[in-house]
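Here the structure is a predicted model, which is why all the values come from computation and not from measurement.
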Amino acid sequence: MASSEKPAETGRLPALLLRLAGSLQRSWPFLAFFVGLFLCWEWSVDLFGIPAYILPKPSEIVAKGWADIPRLSNYFLITGLESFLGYFLAIAVGLPMGLAIAFSPILRRTIYPFFVSLEMVPKIAFAPLFISWLGFGLLPKVIIVVLVCFFPVALNAIHAFGSLSDELTRFCRSTGAGPWRTFWKVRLPAALPQCFVGFKYAAVNATVGATIAEFIGSDQGLGFYIQIVTGNMRPDLAFAGIFFLTVLGLLLFGMVTLAERLLIPWHISVRRH
C-alpha cells in the first residue's frame with residue numbers, strides 16, 4: 001500500500017508547481033504595473049519636491065507603518081470583524097429574502113419597492129442614528145455593513161431565482177421531479193452564478209460600510225485610525241491604514257472567489273480563469 005501511495009503523492013508536486021507557475025505567468029502584468037506605479041511615485045516626490053505632509057514616499061509609508069504595526073494590526077482585526085459579520089449577516093438575510101420575493105408576487109409588489117426606496121438613501125445618513133441609539137460598540141457598525149451589503153445580495157438573488165425559463169421548468173415537471181427536487185437539482189445551480197455577482201459586489205462594499213461607520217463615531221478600527229492620523233497631519237500613517245483596508249477588502253473578495261470556484265466550477269466565468 002505504501003509503495004502505491006508514494007507515486008501518487010510525488011505526482012501531485014509537479015502538478016502544484018505547474019499551477020503555481022501558471023498563476024505567476026498570468027499575474028505578472030498586474031505585478032509589473034504596481035511595481036512601476038510605486039517606483040514612479042517614489043521618484044516623483046523627489047523630482048517635484050512634494051512635501052512629505054502632502055504626499056509621502058512609499059518607502060516612508062512602509063517605514064512609518066511598520067513602526068506602528070501593533071496598533072494597525074489591532075484595528076485591522078476590529079474592522080475585519082465588523083466587515084465579516086455584517087457581510088455574512090447580509091447574505092444570511094438577503095439570500096432567503098431574494099428567494100422569497102422571486103417566488104411571491106405579493107412580496108414583489110410590497111417589500112421589493114420598499115427595499116429599492118431604502119437603497120436610494122445614502123447609508124451614511126443612518127450611521128449617526130444607529131450610533132446615537134446603540135452607542136460606539138460593534139453592533140451599529142455591523143448594522144451599517146448589513147445595510148450596505150444587503151441590497152446587492154437580495155437584488156441579484158431575485159433576478160437569479162426568477163430567471164429560469166418556463167421551458168426548463170416544464171421539462172423538469174415532465175420527468176416527474178417535484179418542486180423541491182427541481183429547486184435543488186436545477187433552479188439553485190442555475191441561480192448560483194448570478195448570486196455570486198451579488199456576493200462579490202457586496203464584498204467590495206463591506207469594508208466601505210465599516211469605515212463609514214467608524215468615521216461617524218468610533219474609538220477604534222481602521223476608519224477611526226485614518227481619521228485621527230489625518231487630523232494630526234500624518235498622511236504616511238493614513239496611507240498605511242488605507243493599505244490595511246485594501247488588504248482586508250481583497251481578503252474578503254478572495255474568499256468569495258474561492259467559494260465560487262468550489263461551488264460552481266462548471267460555470268464559464270470560473271473556467272475562463
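- Using a 4.5 Å heavy-atom threshold, the side chains of Y112 and L155 count as touching.
- Legend: residues meeting salt bridge (Lys or Arg N to Asp or Glu O under 4.0 Å) with D219, ordered by chain and number and at least two apart, are absent.
- Using a distance-only test at 3.5 Å, with no hydrogens or angles considered, no donor-acceptor pair links the side chain of K64 to the main chain of S59.
- Aromatic pair F126/W133: centroids not less than 6.0 angstrom apart.
- Here the shortest heavy-atom pairing between L252 and A203 reads CD2-O, 3.8 Å.
- Side chain of N74 to main chain of P70: no donor-acceptor pair is present (N/O by atom type, distance under 3.5 Å, no hydrogens or angles).
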Assess the residue pair D46 and K57 against the criterion (salt bridge (Lys or Arg N to Asp or Glu O under 4.0 Å)); give the C-alpha distance rounded to whole Å, side-chain angles, the decisive distance to 0.1 Å, and a yes or no.
CA-CA 9 Å; D46 289 331; K57 294 189 290 187; 3.4 Å; yes
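- Closest approach of C195 to A160, counting heavy atoms only: SG-CB, 3.9 Å.
- Counting only heavy atoms from C-beta outward, the side chains of L222 and T211 never approach each other to under 4.5 Å.
- F161 is listed as a side-chain neighbour of L95, based on a closest heavy-atom distance under 4.5 Å.
- Of all non-hydrogen atoms in G221 and Y75, the two that sit nearest each other are N-CD2, 3.2 Å.
- Inspection of the D68 and Y225 side chains reveals an N or O donor paired with an N or O acceptor under 3.5 Å.
- For residues 97-111, no residue pair satisfies the salt bridge (charged side-chain N to carboxylate O under 4.0 Å, His left out) rule, not counting sequence neighbours.
- Here I124 contributes atom CD1 and I144 contributes atom CD1; the two are 9.0 Å apart, rounded to the nearest 0.5 Å.
- For the atom pair I101 CD1 and I158 CD1, the distance stands at 4.0 Å (nearest 0.5 Å).
- Going from atom CD1 of I143 over to atom CD of E82 covers 12.0 Å, rounded to the nearest 0.5 Å.
- Side-chain contact between V93 and V146: absent, with no pair of heavy atoms (C-beta onward) separated by less than 4.5 Å.
- Each salt bridge (charged side-chain N to carboxylate O under 4.0 Å, His left out) pair with one or both residues in residues 114-130, not counting sequence neighbours, appears once here: E119-K123.
- Taking the six-membered ring where tryptophan is involved, the planes of F196 and F199 are perpendicular, since the angle between them exceeds 60° and thus also 30°.
- W41 and F239 have perpendicular rings, their planes meeting at more than 60° on a 0 to 90° scale where under 30° would count as parallel.
- Using a 4.5 Å cut-off on side-chain heavy atoms (C-beta onward), S44 and I50 make no contact.
- S132 places a side-chain N or O within 3.5 Å of a backbone atom of L129 that can act as its donor or acceptor partner.
- Note: F150 and F115 meet the aromatic proximity criterion, with ring centroids under 6.0 Å apart.
- Residues L55 and Y53 share a single hydrophobic cluster, defined by chaining ILVMFWY side chains whose heavy atoms lie under 4.5 Å apart.
- The side-chain heavy atoms of E214 and Q220, taken from C-beta on, include no pair separated by under 4.5 Å.
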